[in-house]
Every structure is written in structure tokens, then in C-alpha cells.
Amino acid sequence: MKKSRMLAVLGGGIFCVAVMSLYRMLELMQGAELQQRVDTPIGQDKDLFLLQQKIDRLELLLSNNNRLVAMLRDSLIQRKASWETGRGANGSSGSARQLPGCRLAEEIKDGSDAVQLLDVYDLLPFDNPDGGAWKQGFDIRYQGNEWDEQPLEVFLVPHSHNDPGWLKTFDRYYEDQTKHILDNMLIKLSEDSRRKMIWAEISYFSKWWNGINKQKREAVKRLVGAGQLEIVTGGWVMADEANSHYFAMLDQLMEGHQWIQRHLGVKPITGWAVDPFGHSPSMAYLLKGAGLSHMVIQRVHYAIKKHFSQQRTLEFLWRQSWDSSPRSDITCHMMPFYSYDVPHTCGPNPAVCCQFDFHRLPGGRVFCPWRIPPQPITEQNVKERALLLLDQYRQKSRLFRSPVLMVPLGDDFRFVEASEWDAQFTNYQKLFDYFDQHPELHVKARFGTLSDYFSALSRRVAAGTTLPTVRGDFFTYADRDDHYWSGYFTSRPFYKRLDRTLEATLRATEILFSLTLAEMRRLHGDGRLAAGFPAREHFGRLTAGRRSLALFQHHDAVAGTARDHVVVDYGNRLFDSILNLHTVLQSSAHWLLLLDKSQYHHDQSKPFMQMVDVMSSQDALPQKTPLTLSDQPRSVMVFNPTEQLQKSVVSVLVDSPDARVVAAETGQPMAAQISAVWAEPGRAATDSFQLDFVAELPPLAVVVYHVTRSSVGSAPQARYTFSRRGNPPNVEVEHFQVSPPDATLSLSNKHVQIWSSPETGFLQKLRLQSGHVRQVQVQFLWYGTTTNRDKSGAYLFLPGEEGAQVYTPPEPPLVRVSRGPIFSDITSCFRHFTHTVRLYHLDGHAGRSLEISNTVDIRSEVNRELAMRLVSDVANGNRFYSDLNGFQMQQRRTLAKLPLQANFYPMSTAAFLQDSMSRLTLLAAQSQAVAALRPGELELVLDRRLQQDDNRGLGQGVTDNKLTASLFTLLLEDRRGGAKEVGGASVEHLSLLAHLTSLSLCHPPITMVAPSDSQLPKLRPFLPLRSSLPCDVHLLNLRTLEDAQEADNPSQEVALLLHRKGFDCSSAPEPQLQCTWSVHEEVDLADLFSPLRFGSLRRSGLTLLRDHDEPESPRQQTSRITRLRPMEISAFRAKID
Ligand SMILES: [Zn+2]
């Protein structure tokens, strides 16, 4: 086709797209108008209202136009690019396009079958008008005859929200409150079978259970069996949904569910999350996967709540953005009002509802801030009180599609004393009795559990009525005004990083321990374990580690929103668990490596090996243990916890600048590099050196290397240049070559070249092997806090109006450049942070990205937050992508109508910007806040120090900052043939290369070393798998289950958890990756895990409580062939023979 004709066709195509988009825009606007007509004010406000409406409409038009222009520009660039490369615009991008993982994005597009929350954000004005009694809502009206046919059915759901640590530690809360709540629960529920209660936190419940006798346990089981007590969600905690990683979210759910199954023998079916500060669809996915059918959420932006209330869509089917089927749907109930306390649950008017919190009766410790106290219900006032309450119930009911109403009754740490139980239950019973005696009111009210409510709901929802479907997430939460809760995405970043260190350690230990037990059974052939191997003690350490990680997923723990001393308590738990898990790792690796297993012995005081990376306390960064070298080899053992063959750089400290590394098995020398250890930025230590070597690590293998002192000059050394303000400063560097700085600062390997500023050392641009150059400039910034009364604190981010200020250092930085055969890096040493960009000279995925590491210290600052920003020329418009819990990517739109702090989102593992030519992905090893405030920009908040409380109950600022590390990988990829529009709520995934890079970043090899004085027995590498798993299949966990008969003992069964990742088609790597991926959804697990053999393998729910509800084909039943769907996690109960 001639170019001119093609241009005409292309022009026509673009025009069609534009017209269709405009048409859709008008349609959307009509919808908005219709909906706004509902609550148009009358009288003098009307003119203003109409003006406002016009402005809103203009704003909407503008924002849609922007999107359209971005789309047109992008498609033009795209067409241009495809001519230049000689590819058709819709041409295939190679084999990747045909694969199940990457087909996903194309099937869903904008999820037009469902309400997309991003579209709701585009529509809403976020104008925050006063709604009357229900400040953030509207006046609700009813006739009074609405319930004549179908009476109102009210379930009052008693609950007590028990934070496993916040103002007090977990143990203190337990002693002071929780213990008494549960003790009284047993007494007070037993007194009257009409009484009900729900309980969520298994961390507390299990602790209480351990302290009660057999009779009481039987009584608890009776209450559960009779439906008076319902365990809801059943997680170890009510998990944070922003900062938590899906491994830990699932693990805490599994720990809770396994406990419930063992001790209560029930299966939770409803979810209850009333306090996490925003809600993630990843949690919805896990709950559905664990067999729950309903869930309740509460902390959602007030404007979204109002919109959902107006649309009567507070109950909906929450569907995963990437799911083209209804498989992931779970029925979700969003609470409509401000809070889960009594004033905000009976109806829209808190001044009225507070009068029905009988814990606030006059004379008590708590009262109603609306100054109308509750009254005890008497014969004299029962009618008036009942009608007052009924009015609130009826108003609330108008927000829902069914005549069934849920009214939670409770608050934080409620129902402590017996008197509180009596006050609530007897007064409410009198009101319920009154309703029963007056059928003309058409209301039936009673105490209920969540299951009572949801089963009545499904009974009463008319046949054929379906709930609306919703896709998307509920971040970023605001509870009032411009109070956005984006501060906690970063608060206490030291512990957010420690959380992920424990997570990686736990996963590695689970896998190695399970493989060790399997190997022992295989050797003995009769199911026995090795004599002297402390399997039971190790299983206890594993369980404690699971529970520490689980506890830390609580919404005030990983969130960084607890009091200082509580943070230290969590820190100690995380730290102790890491040490205990190291014991299990060392002991397992020891047994596995021994050629002669009879030489195994376990001596806790004198372990066979030690970790190379050790933390000295809960608030210190890990340090490397220095190795003393001699002519005798020191053994270094490296465990690869990933399911992929990895070429990894292993790093140890040695006492000599001359060292040599060989593979113990073959004697083959390994590529190595000696670098300086920095006592100060410009002063190298003279007694300690860093030895890095390239280890080729098969999947899940433990490999042994020998390190010896070698002849002088035998090991390649790093070469250095130093500069301050472009000039060479005074430095003290023995043993290493120092050259004067070059005029330009550039590093390169086979795949990437980078240029950095000689003044600051900060990255400026990148060039890929393809010749493609992109500007990517690193900046550091300060945010301050507003001068208004309400300032930033642990939860809230309330920056000053001036926004971010570029970091201007008090003195120019020292820039240190190191060049070596294994890696080269540029380190910028400022007063408040040290920033390093490193390039590895490696084949495979490690050579394709830049490693960025920061150590931050802002302890000298007042009300400041430090951010790192990347400024690129990627034309992403106002769209970017950030991950949700490391499980999935979510599109974000930066909206000018929202305040700056509203445009920050949580990021656990990844964020990217893209246009038709490139994708710039930043992968992270810890959680923090992310934003893309202007096109081409991506910024992360690294630490925050805030002197004041932000009035959400914590009662203190955040000033316990530490020397804090953060670790990232920056990946620039060419996009090929991806005719993706920039606009639309499209579903995107990381590329396969990004998945592999993230895997290496989050699960680095674990290095151990044998003490020098030990006479080493003969060791042999442990290689459990024949080959890598497909690169889109992630071994999430291999978790040994507790023995059903013998408590606290490991069983022969494991939970095998596999996550098949969705991946992007437009950036299939060239040349191909080392690993392969399957074209089919069906895979043969026997083949995948060969030579491991599964004695049994049963597909199961995600927490192993239930059998999988999807029937398997006869072929699947008899073989190890199973279906792994892209994006899905699959769980199996397995025995490894
Ligand atoms: Zn809470």
C-alpha cells in the first residue's frame, strides 16, 4: 500500500476513534447530568449550583480532551514507529502475543461490563458539599409505605474491633482488654440464645484459647455451632491492604484458617475489614480463593461512598480487573457512613445513632460528643425511642436495593465489662420486642452475625436481580476534607523494609525445610526423619516466624501507625523471627549438603554455619560478617530461593585484598571482583574488603564455594574516581587504583549505557542496545507540611502549598565511581542520604537493569519528608501504573481536581510509565508511596519525620526515624508492536523480564559460611529440580502443614502454592530469556517439579480449608496435570515422596 493511501486510511481510523470517544464522553456527561438532577437545590443557591455544574462539565470535557489528544499523539508516534521498523501497526509482536498470560490484557480492555472505579474518579467533582446531618452525604427521604409489602429486616451485628497492637502492645491489650472481652463473651452469649457476636482476629482468639479449660472450649464450640458466635475473615489479623505483600496477606489468612480448622472445625464464609485505610482487590481475590463468599469493607473515600449510596451500589460484585469471567466475583458490602462506631452505623444522623450506644449512658467513661446522651429503655420511653431508631434504619435502608439491613454494633475494644454487655443487649432487646409487638411498623429486628445478614440478603433479593459488578481499588482513602491517608504508605519505612526481609527469609526457610523433610523421607523410604534433626523444634520456629510476619500485617503495624514502644515490640518480634528462621535454614542446609548424613548433628550453641548478613538489633541495618582467609578454603554456601536458574552476584567481606573463589564441586574458578569497604565516603577500610563473585545457581539449589587467600594481584580490583564539585577531593584509599574524574560520567555494559551528572552523580539518561535513548533524571526532593491547623502525621500527608522543593545540599556531595569486571557504580554521598546506581556486567536479566540503593538519615530534620523523583521523557500523559500488594498492576490517573496528596498511591513492588515506544519500570524491594504528578515523572517518598499527631487517635508524631535503606531496580524496555492506547482503563502487566528482575530483587540468594576452625566433612551441592520453572510460574510457597494428630509437629503434607503471572506482550525480550513459558493453561506438575515426586496432590482452596470447587477432568484427576490460569494463585495439598 502506498504511504499516502495508508495515511488516508490511518487518518480515517483515528477520526473514527475520536468520534466514538467523543460520543462516549457525551454519554457519560448525560449520565452525570441525570444523576445530578436528583439533588438540585432550590432558591437562591440554584444559580451558583448551575454555574458549578457548568464548570464541572467543562472540567470533565477538558480532562477527556486531554486523554483524546494523548491517544491521538500516541497512535501517530506508534504508526510512525511501525513504518520505520517495517512492521504493520497491528502486527504481531512475536510468539508472546499468542500466550495465555499476555492475551489477558486484550480480552478485558476497559472492563466495559462493569463499573470501573477509575471512571467514577473521572466523573466525580470531589466538591465536598455539606450534606446536612449526614455531612458527607445527602438528605434521605422515604414515604413510609415502602415496607408494607416487604417488611424491613434488621440485623444488629455486635462486634469489638481489637487491634493486635496500636496504642498498646499486643500483649498489653490482651491483658487489659481482649481477655476480658472474650471471657465475658462466653458468659453473656450463653445467657440468651438470641444474642450474637462476630470475631475477626485469630491472633487474639488463639491466645485466649490457650488459656481456657476444656469445658470453656466446648462451650465456645457450642456457641459457634449454634451460630451465636461467628468467626469472620479468620485471618491472624485484619490486614493492611496497602503496604502488605500478597505472600504475607495470604500467609496470615492461612495461619488463621489452619488454626480455626484445627480447633473449631469451622470454615469462615464472610470477610470483615472495617479499619484498614483503603481496600485492595487483591484481598478480595484471596478471600474468594479461600472460599469466602461475602465481605464487608468500610474505609472508602467519602465521595465514593456518597456516589455508591446515590446509585444504590453499596452492595456489588467485586471483580478482578484482569478477570474476563465471573470466577473471581465476591459479594462486597461497603458501609455507607464515616466510621464503624455506633454513631455512624444505625443511620445517617450520628447525633441520633449515638443515643443508641448504651455504653455511653450517662455516668460512664464515654459520652456522645453531639451532647444528646442515650437513655435507658423503659416502658415510658420505648415507643418514642423505637420510632426514633426506626427512622434511622429506614433512611439507611433506602441506600440499599433490598429490605434487609445490616447495622454493626460496636467499636474499638468494646464489650470489655459485663455491664457493657448488659447495657447493649437488654436495651436493644426491649426495642426489638417493641417492634415485634407492633406489626404495623413492618420491621423485624434482631441480633445477627454477618452470615445471618448475608443469607437473609440472598433470600430476600428478588430472583433475577443481580448486583452490579465493580472493578478497581479503593485507594487513596480520605475520611474528610482534603485529609488523604497517603502518609502511611511510607511511615516507618525502616520496618516496611524489615517486613519484606522477614517475608523473604520465611519463604526461603519454608521451602528449604519442606524439601529437607521430603529428602529425609525419600532416603529412609519409610517416612522417618533423620535422627537428631530437630524437626519439631524447627517447626515451632517456623510457626513463630509465620505468626510474627502475620501479626505485622495488622493495619497499624506494617502501616507504621502505632506508638513508638509498640513499633519496638513489633521490631523485636520481626528480628527474633529472622534469627530463629536462620537457625532452621542453617540446620536444613547442613543436613542437605552432607555427603554422609550420619555426620549430621545439631548444636544450637555451635552451628555448623553462620549467616553472612546479620542484624545486630531490631533497629540496625544488616552488616556482613567478615571472613578471615588463609590458604585453607573457607566454605561459602549459597541458597537460591527462586524457582529460576540465577546468575547472581554473591557478596562477602574478607580480610585480604587478594582472594580466589572456586566452585567446591568442580574446582572451577568463579569470576570475582575486590572492592573497597568504606569506613567513610572517602576513606577505605584497610583491614576489610568486599569480595563479589558470580554464582550460577540452579533453582532452589544450595551450592558450595571455596574462598582462599590468593597471591598478590590475582583478583581483579575495582578502580575508583572521586569528585566533589567536579574536582578530585582528598581521599584515603590504599590497595586500590584511583584516577582523576572524567569530564563526562558514563557507565555501560552490553545492554545499557547510562550518563550521570559529574556534579551530583545523579542519573541523566539511558541508552539501550537497540539505540533507543531516554532521558531519566534522578532528583531528590523535600516535602514540608502545611501551615494549616491539621498537619501531616503518621496517617495523613498534608504537604505545604508550595509542594516539593528540590533538595539543595548544605555542602556539595562526594561522588564516588567504581569500575570493575562484575559491576560498576556511582555513589553520591549527601548529608541526608547516600544514593548508588549500579550496573552489573552480567548476561541474563541482571545486566539489563540498574540497581538503585539509598540509605537515608533525616533524624536532624523537622516536619520534612524526603522523596526521590525520576524525570523522564516518557509520554505517559496523566496515566501510570502501580502494583497492588505485588499481586497485580493497577492503572492510576493523576487528577488536577484532587489535591497533591490524593495523587499518591501505595507501591509494594512495582510502578511504570509507558508510551508507545518504551516502558520505564521501577521495581522495589519494600513498600512506599508513589506518584506521577506530571507527565514523565515518577516519585517515591523514602522517609518522613513529623513532629505532630494528625488526630486519628495515635496521639503522637513520627520521630523515631532510623538509618533506613531502600532498594530498587530501574528497567527501561523497548515496546514493540504494542498498539496500546495511552487512555482507557486498560489492564496491564509487568513484562516477563520485569517479573524475573523483581523475583531476583525480592528473593536474593542467601549466603552462609562455615566457621574457619571446623574440620569440614565432605559436602555435595543440593539440586532439587532438574530445570527452572516456566518464567511466568512463581513458586509462592511450599509450606509444611501441622500434623493432624500430633500437635506442633510437622506433617508429611505441604501446601504447594503456585502463582501464574500475567505478563505484557508488547515487550517480549530480545534475545529470548533463558526460561520458557507454556502455551497452555494446563501444565504437568510432575514434569515441572521433576525429579521431586508427589505421593498425593489435591487441588484446594487458597488456605487449604476447602477442596477446590472447580471439578477436574478425569485426565486431571488421574495425572499430575492441572490448570494454572494466568494471574491466578493455585493451591495444592501435596505429599512429596
Ligand atoms: Zn484497627
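Model, not experiment: these values are computed from the prediction. Ligands are counted one by one from 1 in listed order, and the atoms in each one are counted from 1 as well.
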Between Phe413 and Tyr173, is the ring centroid distance below 6.0 Å?
yes
Tell me which N, O or S atom from Asp163 is the closest to the Zn ion (ligand 1).
OD1
Kindly give the atom name of the N, O or S atom of His555 closest to the Zn ion (ligand 1).
NE2
Take a 6.0 Å sphere around CZ of Phe367 and say whether it holds more than 12 heavy atoms from other residues, nucleotides or ligands.
no
Given NE2 of His161 on one side and OD2 of Asp275 on the other, what angle do they make at the Zn ion (ligand 1), to 10°?
100°
Is it possible for you to check whether Lys207 lies under 6.0 Å from the centre of the six-membered ring of Tyr174, through NZ or CZ, and within 45° of that ring's axis?
yes
Check Tyr204, Trp236, Trp209 against Trp259 for a ring pair (Phe, Tyr, Trp, His ring centres under 6.0 Å) and give me the one that passes.
Trp209
